[in-house]
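These numbers come from the heavy atoms of this one structure, side chains and all, not from hydrogens, waters or symmetry mates. We count ligands from 1, going down the list as the structure has it; atoms in each ligand are counted the same way.
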Amino acid sequence: MEKVVIIGTGCAGLTAALYTARANLNPLVLTGCMPGGLLTTTSIVENFPGFPEGIDGYEMMTRMQKQAERFGARIQFSTLESVDTSKYPFILTIDGEKVEAETVIIASGAGHRHLGLGSEHLLEKKGVTYCATCDGALPMFRNQPVVVVGGGDSACEEAMYLTRFASVVYLVHRRDSLRASKVMAARALTHKKIQPIWNTVVTDILDVKQDKVTGIRLKSLETGAESQIDCTGVFVAIGHVPNTQVFKGIITMDEDGYIIPTKGSSTNVPGIFVAGDCSDRVYRQAITAAGMGCAAAIDAERYLAAMNQ
Ligand code: NAP
């Protein structure tokens with residue numbers, strides 16, 4: 001039987017792993033389908049305290065994992081399929097195997113939000129992507145026009161990264177100002193390769209018949225005018241959706257799937273705790289996720305201590 005099972009290996013999960021490992025709880029930590037979480041797809045993290053020069057997202061997560069493993073965390077490349085909370089210890093089904101757990105820390109993070117266009121789905125990996133650091137250097141984007149959709153920090157970061165390869169980066173945003181932090185917005189808007197297209201939405205991605213991206217159709221939200229631009233890539237950076245599907249109907253969540261903690265990191269099920277982006281629609285930073293992971297670990301440790309008194 002496991003004392004602690006942690007779902008997710010982003011900043012929240014790995015910090016929870018570090019703290020529970022140091023409390024001698026020997027945590028089992030499930031990676032899910034994206035080991036290291038979304039931060040592994042970031043180029044440089046400049047706002048995590050302690051790294052004055054910034055640090056590559058992948059490197060940061062690798063270091064966090066090593067640190068947790070050093071104290072006994074067991075990282076397992078597997079996915080949680082279901083949770084049975086009708087019994088205690090809880091029964092988790094992990095890649096077909098039943099595992100008993102006294103406590104669970106949900107740190108399953110969030111995935112990329114999609115535009116919801118049929119052509120977006122059909123052209124995924126054929127020019128439509130959700131990660132510039134993963135795909136930006138591909139030959140099909142070199143010296144070609146590309147499009148980034150969104151107005152947040154992610155969109156600015158993606159656009160900046162793509163300026164290394166693309167001939168021009170169109171930044172398509174549905175409003176007339178960016179949501180991104182001031183420093184990121186200023187960087188993007190002053191870059192000579194980045195051309196913002198304001199008050200505009202993407203209505204279609206071309207060309208499904210050719211089985212590759214050749215352009216996009218746009219609609220102005222101000223005038224209703226429709227237009228088309230040529231590009232070989234569409235980088236969608238319009239936010240995230242929490243990875244909480246497996247807990248639906250068991251753990252209390254809001255209408256968008258963000259888990260709602262009851263007190264501290266506790267959920268509606270005693271012994272199940274939550275941390276990071278899957279329960280945070282406000283801050284969503286690496287450092288806040290890490291802090292929440294720490295809190296969840298301490299809460300789980302105290303819960304176990306109280307149960308075993
Ligand atoms: P975000 O801040 O939620 O921004 C999403 C953007 O996409 C918004 O501009 C939004 O428009 C737009 N959008 C949402 N749905 C859309 C749709 N269906 N069609 C068109 N546009 C749509 O998400 P994010 O940029 O991924 O950032 C998430 C969090 O991570 C933030 O807290 C951010 O600060 C953080 N982050 C930080 C860094 C960094 O500091 N290095 C890098 C990346 C992310 P509206 O503005 O109109 O709502």
Side-chain angles (χ1 to χ4, degrees), residues 10-12 34 36-61 109-121 128-134 136 147-163 169-189 191 194 196-205 216-222 234-243 254-258 276-292:
C11 281
M34 195 175 212
L38 275 184
L39 217 65
T40 54
T41 65
T42 298
S43 49
I44 186 126
V45 182
E46 288 181 328
N47 51 11
F48 201 92
F51 299 95
E53 316 303 331
I55 178 166
D56 174 79
Y58 183 82
E59 189 190 341
M60 185 163 118
M61 299 320 296
H112 297 287
R113 178 177 289 138
H114 293 201
L115 288 166
L117 302 169
S119 49
E120 173 192 18
H121 175 61
V128 174
T129 146
Y130 301 85
C131 178
T133 26
C134 317
V147 166
V148 173
V149 190
D153 280 325
S154 300
C156 291
E157 193 174 63
E158 302 274 280
M160 286 299 296
Y161 186 76
L162 289 166
T163 58
V169 181
Y170 297 105
L171 183 59
V172 177
H173 184 35
R174 63 185 180 183
R175 291 188 299 118
D176 63 358
S177 63
L178 297 177
R179 171 185 297 280
S181 56
K182 295 250 178 312
V183 63
M184 302 278 273
R187 244 182 240 170
L189 294 178
H191 198 289
I194 298 178
I197 301 178
W198 302 113
N199 300 308
T200 298
V201 290
V202 177
T203 54
D204 199 11
I205 302 175
I216 52 167
R217 285 214 177 93
L218 298 168
K219 184 176 179 186
S220 163
L221 294 179
E222 273 185 327
V234 178
F235 293 77
V236 181
I238 59 169
H240 301 95
V241 281
N243 297 323
D254 68 16
E255 68 280 7
D256 293 325
Y258 287 92
D277 285 7
C278 63
S279 69
D280 175 14
R281 60 188 311 147
V282 180
Y283 304 107
R284 296 178 296 178
Q285 304 296 304
I287 187 72
T288 49
M292 291 164 88

Exercise. For G151, is at least one N or O under 3.5 Å away from an N or O on ligand 1?
Worked result: yes
Problem set entry | Top protein contact for atom 1 (P) of ligand 1, by heavy-atom distance | R179 CD, 3.9 Å
Exercise. More than 12 foreign heavy atoms under 6.0 Å from NE2 of H114: is that the case here?
Worked result: yes
Exercise. Just wondering, more than 12 heavy atoms not from F48 lying within 6.0 Å of its CZ?
Worked result: yes
Problem set entry | Result of checking V234, T200, V201 against V149 for side-chain contact (heavy atoms from CB on, under 4.5 Å) | V234
Exercise. Do other residues, nucleotides or ligands put more than 12 heavy atoms under 6.0 Å from F51 CZ?
Worked result: yes
For this session: Considering only non-hydrogen protein atoms, determine which one is nearest to atom 25 (O) of ligand 1 and report residue, atom name and distance to 0.1 Å.
Result: S154 N, 2.9 Å
Seminar exercise, completed: SG of C131 to OH of Y161, rounded to nearest 0.5 Å, is 8.5 Å
For this session: Starting at SG of C156, measure out to CZ of R187 and round the result to the nearest 0.5 Å.
Result: 10.0 Å
Problem set entry | Side chain, backbone, both or neither: R174 near ligand 1, heavy atoms under 4.0 Å | side chain
For this session: Just jot down the ligand 1 atoms closer than 4.0 angstrom to any heavy atom of N47, in number order.
Result: 39 (C), 40 (O)
For this session: Check H173 against ligand 1 and report side chain, backbone, both or neither, counting heavy atoms closer than 4.0 Å.
Result: side chain
Exercise. So which of L115, L178, V202, V149 gets nearest to atom 19 (N) of ligand 1, if we judge by its closest heavy atom?
Worked result: L115
For this session: Please confirm whether V201 comes under 4.0 Å of ligand 1, counting heavy atoms of the residue only.
Result: no
Exercise. What is the nearest protein non-hydrogen atom to atom 23 (O) of ligand 1, stated with its residue, atom name and distance?
Worked result: G239 CA, 3.6 Å
Exercise. For atom 38 (C) of ligand 1, what is the nearest protein heavy atom, given as residue, atom name and distance?
Worked result: D153 CB, 3.7 Å
Problem set entry | Residue and atom name of the nearest protein heavy atom (relative to atom 14 (C) of ligand 1), distance in Å to one decimal | I238 O, 3.2 Å
For this session: Among all protein heavy atoms, pick the one closest to atom 3 (O) of ligand 1 and tell me residue, atom and distance.
Result: R284 NH2, 3.5 Å
Seminar exercise, completed: Contacts of D56 meeting side chain to side chain donor-acceptor pair (under 3.5 Å) (sequence neighbours excluded), chain-then-number -> none
Exercise. According to the side chain to side chain donor-acceptor pair (under 3.5 Å) rule, which pairs have a member within residues 169-180, sequence neighbours left out?
Worked result: none
Exercise. Can a salt bridge be assigned to the pair R113 and E120 using a cut-off of 4.0 Å between side-chain N and carboxylate O?
Worked result: no
Problem set entry | Part of V45 with heavy atoms under 4.0 Å of ligand 1, whether side chain, backbone, both or neither | neither
For this session: Answer with yes or no whether Q285 contacts ligand 1, where contact means a heavy atom under 4.0 Å from a ligand atom.
Result: yes
Exercise. What's the shortest distance from atom 46 (O) of ligand 1 to any protein heavy atom, and which residue and atom give it?
Worked result: R175 NH2, 2.8 Å
Problem set entry | Enumerated ligand 1 atoms positioned under 4.0 Å from heavy atoms of Y283 | 32 (O)
Seminar exercise, completed: Correct closest heavy-atom pair for L39 and A286 would be CD2-CB, 4.0 Å
Problem set entry | Spacing of C278 atom SG and N243 atom CG [to the nearest 0.5 Å] | 8.0 Å
Exercise. Who's the nearest protein heavy-atom neighbour of atom 41 (N) of ligand 1, and how far?
Worked result: E157 OE2, 3.4 Å
